[in-house]
Structures are given as structure tokens and as C-alpha cells.
Number of protein chains: 2
Amino acid sequence: MKTPPRGESKRGPRPRQLVTLRDIAREAGVSASTVSRIINGTVKVSDERKASVEAAIAKHDFRPHAAARGLALGRTFTIGVLSQAIDSPFYAEGLRGVERRLLAAGYAALFMSGNWNVADEQRCMRKFIDHGVDGIIMFSGCLPNAAIKDFAKRCPIVVTGRHLPAPQTYSLPIKDRLGATLAMRHLIGLGHRRIAFIAGSENHPDALERLAGYREALQEAHIAFEPRLVAQGDWQESGGLIATTQLLESGRTFTAAFCVNDQTAHGAYLALFRAGLKVPDDVSVVGFDDLPSSSYSLPPLTSVRQSVRVLGERAAEAILALVCGRRPRVEPPPVELVVRDSTRRL
Amino acid sequence: MKTPPRGESKRGPRPRQLVTLRDIAREAGVSASTVSRIINGTVKVSDERKASVEAAIAKHDFRPHAAARGLALGRTFTIGVLSQAIDSPFYAEGLRGVERRLLAAGYAALFMSGNWNVADEQRCMRKFIDHGVDGIIMFSGCLPNAAIKDFAKRCPIVVTGRHLPAPQTYSLPIKDRLGATLAMRHLIGLGHRRIAFIAGSENHPDALERLAGYREALQEAHIAFEPRLVAQGDWQESGGLIATTQLLESGRTFTAAFCVNDQTAHGAYLALFRAGLKVPDDVSVVGFDDLPSSSYSLPPLTSVRQSVRVLGERAAEAILALVCGRRPRVEPPPVELVVRDSTRRL
DNA sequence: ATGAGTTCTGCAACCGGTTTCACAAGACTG
DNA sequence: CAGTCTTGTGAAACCGGTTGCAGAACTCAT
């Protein structure tokens, strides 16, 4: 008598599911457990009941309540995906790959952008945890490894663009250095010796690795490294434009430019265009990432390709494996040079 | 005696939350209700208890279980966002806008791609419902209005690019026709009379509206509409390339081309480039959408701008209003022409 | 016909927060 | 100083699926 029998008290303003599993059970004249078993196919149920339950489900277009199921199952079938900016063509392609694989496996993706800064990334990661994702995919961010390991205690994490051995974690490194040497060997093979490098943002690991590849290839060909042929960009078109413009205005001469990524190359294109220089007649240009738009730039851009889409697909496969307690067995996609019309023999 | 007292039976392999609200309650020497009230700030709690509870929360870095809370609250703080392709530069910008506003309001976004086909869109919508989203934002898809109204019975929907008055629904139309006439008046004002139109995919409502605007502007200037100056594209670079190439090869002459969107214009650029024609010296080109990359094309592209990013932000505001039971009060962003270097006086 | 071995099925106990309600204790009235 | 009005708090009933366990029903040998 301490509490009145439930049902008497007035309902709060809380939204409720129209039709519940128990409603279906009542209508079909079976127990709730049976309905659940039919929906999930966990154990065999007599054809007769199955039919009547399925009829009731169809009649009301019943869909199990996601949160309730998530609570009971302990999983939400949701994966958090952290990129730096959802509207960056580079990450967008990766997200696309992730989306495809996850969807096929019945998972949905929660996308958030880290905006190239630690605080935002941290915030996104907490949000993911708070939303109860089953796993997280990180596209190479700037979060320190220690922080990642810490998050990995709460849910499995796949990270691209770095090597991070830790429990509940899997990494898919990007072959920056190899890609950069491919690009450089191509230019050097065409007879270029004064090759500018339009760099990415300072201290960014991928940017540094690509610079290292640039230097490695120079050394390999016995060409002296000239620091003044390296200009600082920011991975974006604007950075490539400014860096290349400054390089040109400073009077430095070069016959080719290797850009840290395609967006930078597009900026460089505009700088050269404004200076009245033609690609590839006056300057050869090579990019990195092979964005879809690069085959439509004028002229179509020669670029290093390590398919980000495939990288995304592999990352998705890896996280699905981790979520299911299996050890992932996937490799980062291969690196190759796609030669188009922006490079020519000197 | 029918069932053994709980706790005896062995635990299943089901994953469990490390620390629950009741653990915190026990540790702080209060009841679960009190902890919940402190976390949500729903009612005042004595400072003393508050402190000890907060200490316990901090000690274990406790985070409430999302599914449990979602079940009790009846909301998941998740919004489904349907676009056609997450890696399309057009939609990506919209998604970015959505993401910003939602994040600020404590919501997360579930993104899915409809791939320009009804079946996939339908599938995505069902997935959203199954995941228990609190609302859905649709970027102009091909789902029939009736289907949308049907989904709107289950959760509020904001749709861009169409006009759809229905309960639990809000629409943000895109001013296709107005934008198209702006572009055309600009070209006509520069003295162009033979203006090609590189269209979008057949039957697409936005494509048709833009075509209508093209015709309207011609009529306004007393220029006869010539069907053979209209070529069918597909909203993508490839379609623009093919359509423009065919137009050129068929010997049709034109001094300007209005493209249904910027991606199509980029394809047209390449076709003109290959044909040895220069923009804008030989042909003036105008696009639609003003993608970020269009200011870096060669030459920078004149385009109609109705900020998709802002459209996304407004859509997010609208869905938040609907979710909270308020009537949205937002307008689609304004349309304007951004003149760059791809058009010139005849 | 009887006992053992299979299926199926339902009850009730979870999953982990939120919230109603009752009640105790303290703050005000008159 | 009794009587009403706050306040703060905990017990227990939700939210809506899932699942371990026990027992019913139905097989098949013996």
C-alpha cells in the first residue's frame, strides 16, 4: 500500500512508443519473449505463432525501440567517426568508405569534426562515449597517443595515419614517405632538379613524413636539399596559393613543385596561373591523395594515390572486428602514382 | 521458489557498464535518485551530498549509460541527416552547417547517403527510425512527398529543396528558379545571346526548376529558346564533361554556358580545355552553388550562391525547434550571384 | 504404457537511468 | 507551542526489449 498500483498515476509529458513489443504479444496471443525471439530469430518458434506475430507486426508496422534494445543488449550498433572536417574532400572520401561498410553490417555512423585541434577532438571523443557508441574510428588527428589509449579503455578504437599498439586498438598507418618518394622519383626521372615542396601545416606528422620523403628522394638522386625551395602551406587551397605566390615573388626558380596534398596543388595552380605560368609547360606539379576533383583540374593533376575511400572501408572492417572481439586482419591500401597531364619531361 | 534469487545465476557474456549510477550512489552514501537529480540538476540537493556525489563521479569518471537514459527519457539526442552522398562537395558543406548547430545544442548527427535513388533513401529513413533518432533532416532527395509524410508520423522531419506542408514537418525551399535567372541575366547583360544550358539529371525537381529559370530569362530578353543548346548532364563533373563535349562536337555554336551546378561547370571546363577553347575568352561559364573549390578553378568560376552551409545551419535550427515542440521560424538563405573570372563581355 | 529425450513457450529478472509519490525534517505562521 | 508550508530524500515503479530457467507438450524408444 506504500505506492499505488501503477497505471493509476497520471502519465508525464514524456513521449512514448506508440506500439510496444508487449502490445504485439497481446494481439498475437503470445508472450513478449516469443515476439522477441521471432524478431531476432534467436530460437525456433512454431510456424503458427510466428505467422500471427508477423501479421501483428506488419499490421502496426512495429519497430523495436532502439534505446530499449540497446540497453538490454549492451550495444547500440553505432560507430563514432572522427575526422577533421566533414566538408574536406579528403576526409569526405574516407567517410564514404566507412559509411558503405558499416551500413552493410547494420551499423550507423556518428560523424564529428575535430577541426584540426586537440580540444575539439577531445570533445568529440567524449561525445561519442556519451552517446554510447560501440566503437570509434579516428582519421589521423592531433590527439596524443596517451589520450587515445585512455579512451580505448571505454571502447575499441581504430586510428588511421599512425602506429599505435595498445589493447582494444588497431592502427592503419598511411605510407606518406613512400608516396612522397614515388612523386619525387617521377619528377626527377623527367629531368627536374629544382623541385619546390609546398608543405602542410607545421609539426603535423603526415606533413613531416612527406617532407622526409621529399628529402630522401633528393638525396637518393644526389640533389642538394635547398631549404628555400620549401614553402609552408596549410593543407588547404588557400595555403597552397599563398605559399606558391611567395615562392614565385621571392624569385626562387624551380621547374617543378611537389605539393603535400591535392588541395595545396590546386592553390598552387591558381598562383601559377596568376603569374602567367603554364602547367606543365613552365612548371610541373604533383599532388598527393588523388582527390576525385583532381582529374578535372586544368590540366588534370598527377598525384599520389592511396585510396582514402578504401582506407575508410578497411577502417570500418577493423572496427567491426574489434567490436565483435575478433582481431582485425586488414592492411592499409597500396600506394601508387597516377600520372596525368600536370607533369612533363624537362 | 520458482526462480532462484537473482544474482546467483551466472552472468551472460553480455557487456556491462563498468560503473553505474547505483555504484556512485552507494559510494556516496545516497540513493540513486539523488545522484540522478544531481547529474541533471532537476531539483535542488543539499551541498554536502552534492559534493560527495560529485567526488565519486569524478573519481570513477562516471558517465551515464546513453541507452538507459534514452530509454527512460524517450529521446536519444540524435538527429538523422540524409544527403545524397557524403563525399559530394555540395552536400558536405550542408552537413558541415548541420553539424555545427547540432553539436552546439548537444545533439549528434547520424549521416547517411541516399545515392540519388529512392530505394536507398527509403532504407536510410528506416534505419534512422530504427536507431531511434529524435528527428530527421533531408537534403532534397527523390523520395515522394507521401512517403515523407508517412515517416513524419514517427518523428519530425525537416526537408530542404521542396515545399511540403504537413504536420511534424518543415520545409526550406531552394530558390532554383530565381538563382538561374540571376545567372542568365548576368550573361545576357554581357551581350551573350547564344547560351547553352548544361542540365542536371532528368526529372530532378531542382534541375527542372533551374531549366525553367533559364527559359524564363531567355523569354524576358526576347531570345528564342533553342532546345538543341540544352545538353543533359548528371550533376557531376563527368556529366558536364560529356554533355559539353557532345555539344561542341555537334557543331552547335554558343558564346556562353550556364551549368546546372558547379561540378557540372568543372566538367565543362575540362571539355572546353580539351577543345582548345579558353574561358572566358572563347566561352563564358556560370555555375550554381558556389562550391569552395570554385574560387580555385582556372579561371575562378562565376556562380550563383545560396549558401548550403547556412542552409544546413537553418535546417538544424528548424529540426531542433520541431523536436522541442516549437514551430520553427527560419528562412532559406538568400540567393546572390558571385562574379569571378569565368565570364566576360562579348 | 512408461520413461527419457526434444522442442517450444512463458514467467520473471534483468539492463541502467528517471520520476512519482510519500514522508521526515526544518522553516514559518499565528 | 501547535499547525501549516516548504524542502530534501529514498523506495519503488517505470521506460521497452532480452534471456535464463523451468516446465509443458510432444516425440520416440523400450
Side-chain angles (χ1 to χ4, degrees), chain A residues 1-26 28-50 52-53 57 62-77 130 132, chain B residues 1-26 28-50 52-53 57 62-77 130 132:
Chain A
M1 194 180 299
K2 326 198 70 161
T3 315
R6 75 319 206 314
E8 316 294 68
S9 68
K10 74 168 189 309
R11 274 283 92 238
R14 221 181 321 173
R16 302 183 57 182
Q17 171 119 338
L18 311 325
V19 177
T20 74
L21 177 138
R22 283 178 234 267
D23 295 332
I24 299 292
R26 194 175 326 114
V30 300
S31 75
S33 348
T34 303
V35 178
S36 169
R37 293 194 261 250
I38 290 174
I39 291 177
N40 299 296
T42 40
V43 300
K44 188 142 178 15
V45 171
S46 76
D47 291 340
E48 181 197 8
R49 286 163 206 257
K50 192 163 182 171
S52 73
V53 167
I57 290 179
F62 166 73
R63 333 237 51 175
H65 190 286
R69 157 176 273 219
L71 176 57
L73 248 28
R75 340 220 249 128
T76 56
F77 298 97
D130 288 349
Chain B
M1 196 179 301
K2 327 198 69 165
T3 317
R6 71 332 201 310
E8 316 293 70
S9 68
K10 72 167 190 309
R11 275 283 91 239
R14 219 181 322 173
R16 302 183 54 182
Q17 171 119 339
L18 313 323
V19 177
T20 75
L21 178 139
R22 284 179 234 267
D23 294 332
I24 299 291
R26 194 174 328 113
V30 301
S31 75
S33 346
T34 302
V35 177
S36 169
R37 292 194 260 250
I38 289 174
I39 290 177
N40 300 296
T42 39
V43 300
K44 190 146 176 5
V45 171
S46 76
D47 291 341
E48 181 198 8
R49 286 164 207 257
K50 192 165 184 169
S52 74
V53 167
I57 289 180
F62 166 73
R63 331 236 54 175
H65 190 286
R69 155 177 276 218
L71 177 56
L73 247 29
R75 338 220 253 129
T76 56
F77 297 96
D130 288 350

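Each chain gets a letter, A, B and so on, in the order its sequence line appears, and its residues count up from 1.
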Task: Rounded distance (Å) that lies between atom C1' of D:dA11 and atom CZ of B:Arg22 - done: 11 Å
Task: Nearest-nucleotide comparison on DNA chain C, the residue closer to the 5′ end among B:Ala32 and A:Gly29 - done: A:Gly29
- [ ] Ignoring backbone atoms, establish whether A:Arg69 has a side-chain N or O less than 4.0 Å from OP1 or OP2 of D:dT18.
- [x] yes
Task: Between P of D:dT19 and CD1 of A:Ile39, the distance in whole Å - done: 12 Å
- [ ] Round to a whole Å and report the spacing from CD of A:Glu48 to C1' of C:dC8.
- [x] 12 Å
- [ ] Check the distance between C:dG16's C1' and A:Asp130's CG and give it to me in whole angstrom.
- [x] 15 Å
- [ ] Any chance you could measure B:Thr20, atom OG1, to B:Phe62, atom CZ, to the nearest 0.5 Å?
- [x] 6.5 Å
Task: Spatial distance of atom NE2 (B:His65) from atom CG (A:Asp130) [nearest 0.5 Å] - done: 12.0 Å
Open item on the list: Using the rule given for side-chain hydrogen bond (donor to acceptor under 3.5 Å, both in side chains), can you reason through B:Thr34 versus B:Ser31, listing the C-alpha separation, both sets of side-chain angles and the distance that settles it, and then say yes or no?
Closed with: CA-CA 5 Å; B:Thr34 302; B:Ser31 75; 3.2 Å; yes
Task: Atom-to-atom span, CZ of A:Arg75 to P of C:dG16 - whole angstrom - done: 15 Å
Any protein N or O atoms within reach of nucleotides 7-9 of chain D? Criterion: under 3.5 Å, listing atom names and distances.
{"residue": "D:dT9", "atom": "OP1", "partner": "B:Ser46", "partner atom": "OG", "Å": "2.8"}
{"residue": "D:dT9", "atom": "OP1", "partner": "B:Arg49", "partner atom": "NE", "Å": "2.5"}
{"residue": "D:dT9", "atom": "OP2", "partner": "B:Ser46", "partner atom": "N", "Å": "2.9"}
{"residue": "D:dT9", "atom": "O3'", "partner": "B:Arg49", "partner atom": "NH1", "Å": "3.2"}

Task: Residue A:Ala72, side-chain heavy atoms: nucleotide from C:dG17, C:dC15, C:dA12 that is nearest - done: C:dC15
TODO: With rounding to the nearest 0.5 Å, note down the distance linking CD1 in B:Ile38 to NZ in B:Lys44.
DONE: 10.0 Å
Open item on the list: Among residues at least two apart in sequence or on other chains, which ones pass side-chain hydrogen bond (donor to acceptor under 3.5 Å, both in side chains) with A:Thr42?
Closed with: none
Task: Rounded interatomic separation in angstrom, taking CZ from A:Arg26 and P from D:dG16 - done: 12 Å
Open item on the list: So that I can tick it off, tell me whether A:Lys50 and A:Asp47 are bridged by a salt bridge, with the cut-off set at under 4.0 angstrom between side-chain N and carboxylate O.
Closed with: no
Open item on the list: What I'd like to find out is whether the side chain of B:Arg69 reaches to under 4.5 Å of the side chain of B:Ile39, using heavy atoms alone.
Closed with: yes
Open item on the list: What is the distance, to the nearest angstrom, from the CG atom on A:Asp47 to the P atom on C:dT9?
Closed with: 9 Å
- [ ] Please state whether the base of C:dC15 and the side chain of B:Thr20 form at least one donor-acceptor pair under 3.5 Å?
- [x] no
Open item on the list: Rounded to whole Å, please give me the gap between CD1 in B:Ile24 and P in C:dG16.
Closed with: 13 Å
